[in-house]
J.: 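Okay, handing you the structure first.
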Protein chains: 2
Amino acid sequence: MSEVRWLSDQEQAVWRSYLAATTMLREHIERRLQRDAQMPQTYYEVLVALSEAPDMKLRMSELADASRSSRSKLSHAVNRMERSGWISRDDCDVDRRGSWARLTEKGFAVIHAAAPDHVATVREALFDVLTPEQVRQLGEISAAIAGNLAGECAKVREEEGTL
Amino acid sequence: MSEVRWLSDQEQAVWRSYLAATTMLREHIERRLQRDAQMPQTYYEVLVALSEAPDMKLRMSELADASRSSRSKLSHAVNRMERSGWISRDDCDVDRRGSWARLTEKGFAVIHAAAPDHVATVREALFDVLTPEQVRQLGEISAAIAGNLAGECAKVREEEGTL
DNA sequence: TCTTACTAGTTGAACGTTCAATTTGTCTTG
DNA sequence: CAAGACAAATTGAACGTTCAACTAGTAAGA
């Protein structure tokens with residue numbers, strides 16, 4: 001057991017600031033999306049991933065990776081979006097365990113209707129309050145954090161089935 | 001209805017990077033805290049807020065502000081932590097509607113046991129992957145975002161009782 | 001003082017996520 | 001071509017959060 005390296009005062013302040021900013025921003029976006037489009041942010045991300053895929057369809061596990069969902073979470077989410085008529089499921093010929101999730105016409109309409117408000121929210125709450133230089137910095141900082149955690153997260157994914 | 005100002009390619013890239021980084025970091029910390037201390041991050045923040053308060057007690061609404069919880073969320077959370085014996089509730093003499101949430105001995109022990117692992121997680125996943133300059137930048141960026149949203153969030157808080 | 005408005009806090013139902021198990025199908029190796 | 005290991009996806013239960021009442025107490029004005 002090694003010594004604890006506590007946070008310096010400056011680090012402490014940055015951490016609290018980071019926590020406040022990311023929490024507030026996430027909740028703000030969630031509230032707006034719920035108000036304007038009656039869906040949580042994770043559903044929005046699933047719809048975006050599908051809308052960008054060839055033929056607007058993806059295998060469930062590809063969709064899980066694209067939207068950073070666990071398989072279980074995605075399964076439940078797709079169930080609900082299927083019930084709303086936004087997504088349909090097709091059997092997969094190549095691998096009979098698998099299934100395709102496909103964006104329906106209605107789902108396509110829903111995401112297109114939701115996008116403008118969502119983009120406006122992101123712009124107002126994030127890009128409009130930062131200088132171009134800060135935007136650049138935020139990009140690099142985010143890449144560093146994400147790059148470091150990507151391995152860790154992949155490990156967790158793998159363990160999903162293993163237990 | 002005004003024109004939609006879509007995100008530029010660079011903004012799009014930064015936004016996706018930001019989303020990936022903050023989501024992964026939050027989930028990583030949540031997983032570690034759950035594994036090491038059997039509690040979600042929000043409970044940790046509640047316990048920290050209480051441990052820093054005079055006499056380790058706060059009125060429910062003060063605690064809600066300190067931990068950025070809605071009143072309802074906090075009420076449920078304190079219920080569960082009370083059942084675990086981490087927090088106790090006392091009636092408030094000054095205002096008989098109110099109640100104090102106080103950290104118990106056990107709650108104090110729990111947060112002190114959890115802190116070292118938590119700090120190590122934050123350090124490894126955040127501060128160790130950034131340069132000192134980037135840490136400074138992140139502080140300023142976070143302050144800008146949080147500063148801008150603080151008003152918005154206060155507004156939402158106020159509306160909590162009003163409806 | 002009575003009445004109206006407001007504030008502190010709680011509650012139950014609905015929602016979305018996690019966790020662990022389960023089902024079904026594929027791949028590998030002997 | 002069987003046997004076990006592995007992979008794709010789903011399920012139900014438990015958990016935590018949100019939402020919309022609701023209870024009870026305080027404050028303010030006539």
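Keep in mind it's a predicted model, so treat the numbers as computed, not measured. In what follows, chains carry the letters A, B, and so on, assigned in the order in which the sequence lines appear, proteins first and then strands, with residues in each chain numbered from 1. Side-chain atoms are counted along with the backbone in the values below, which use heavy atoms only and exclude waters and symmetry mates.
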J.: Quick one: do A/Arg102 and A/Asp90 make a salt bridge, cutoff under 4.0 Å?
T.: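 A/Asp90 and A/Arg102: salt-bridged.
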
J.: Salt bridge or not between B/Asp117 and B/Arg32? Use side-chain N to carboxylate O under 4.0 Å.
T.: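 B/Arg32 and B/Asp117: not salt-bridged.
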
J.: Are B/Leu50 and B/Ile111 close enough that some pair of their side-chain heavy atoms sits under 4.5 Å apart?
T.: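 When only atoms from C-beta onward are counted, B/Ile111 and B/Leu50 do not touch, as no gap falls below 4.5 Å.
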
J.: Where the side chain of B/Tyr43 is concerned, which of C/dG16, D/dG25, D/dT17 is the nearest nucleotide?
T.: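 For B/Tyr43, the side-chain atoms sit closest to D/dT17.
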
J.: Any idea which of C/dT18, D/dT18, D/dA9 is nearest the B/Glu27 side chain?
T.: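 For the B/Glu27 side chain, the nearest candidate turns out to be C/dT18.
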
J.: So, is A/Asn79 close to the D/dA9 phosphate, meaning a side-chain N or O under 4.0 Å from OP1 or OP2?
T.: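 The answer is no; no side-chain N or O of A/Asn79 sits under 4.0 Å from OP1 or OP2.
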
J.: Looking at C/dT10, I'd like to know if its phosphate oxygens (OP1 or OP2) sit under 4.0 Å from a side-chain N or O belonging to B/Arg89.
T.: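 Checking B/Arg89 against C/dT10: at least one side-chain N or O falls below 4.0 Å of OP1 or OP2.
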
J.: Please state whether the base of D/dA24 and the side chain of B/Arg97 form at least one donor-acceptor pair under 3.5 Å?
T.: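 Counting by modelled atom types and ignoring angles, no donor-acceptor contact under 3.5 Å is found here.
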
J.: Counting only side-chain heavy atoms from C-beta out, which of C/dT26, C/dT10, D/dA24 sits nearest to B/Ser99?
T.: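 In terms of side-chain proximity for B/Ser99, the closest of C/dT26, C/dT10, D/dA24 is C/dT10.
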
J.: Between D/dT17, C/dC19, C/dT10, which one does the side chain of B/Lys73 approach most closely?
T.: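 The answer is D/dT17.
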
J.: Any N or O donor-acceptor pair linking the side chain of B/Ser72 to the base of D/dC19 at under 3.5 Å?
T.: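 Counting by modelled atom types and ignoring angles, a donor-acceptor contact under 3.5 Å is found here.
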
J.: Less than 4.0 angstrom between a side-chain N/O of A/Arg80 and OP1 or OP2 of C/dT17, yes or no?
T.: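 So the side chain of A/Arg80 is within the cut-off, an N or O lying under 4.0 Å from OP1 or OP2 of C/dT17.
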
J.: Tell me whether the side-chain N/O atoms of B/Arg71 come closer than 4.0 Å to OP1 or OP2 in C/dA8.
T.: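 For B/Arg71, the contact criterion (side-chain N or O under 4.0 Å from OP1 or OP2 of C/dA8) is met.
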
J.: Look at A/Thr42 and C/dT17 and indicate whether a side-chain polar atom (N or O) is within less than 4.0 Å of OP1 or OP2.
T.: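 Yes, because at least one side-chain N or O of A/Thr42 sits under 4.0 Å from OP1 or OP2 of C/dT17.
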
J.: Looking at A/Arg16 and B/Glu52, does any basic side-chain N land under 4.0 Å from a carboxylate oxygen?
T.: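 So A/Arg16 pairs with B/Glu52 through a salt bridge.
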
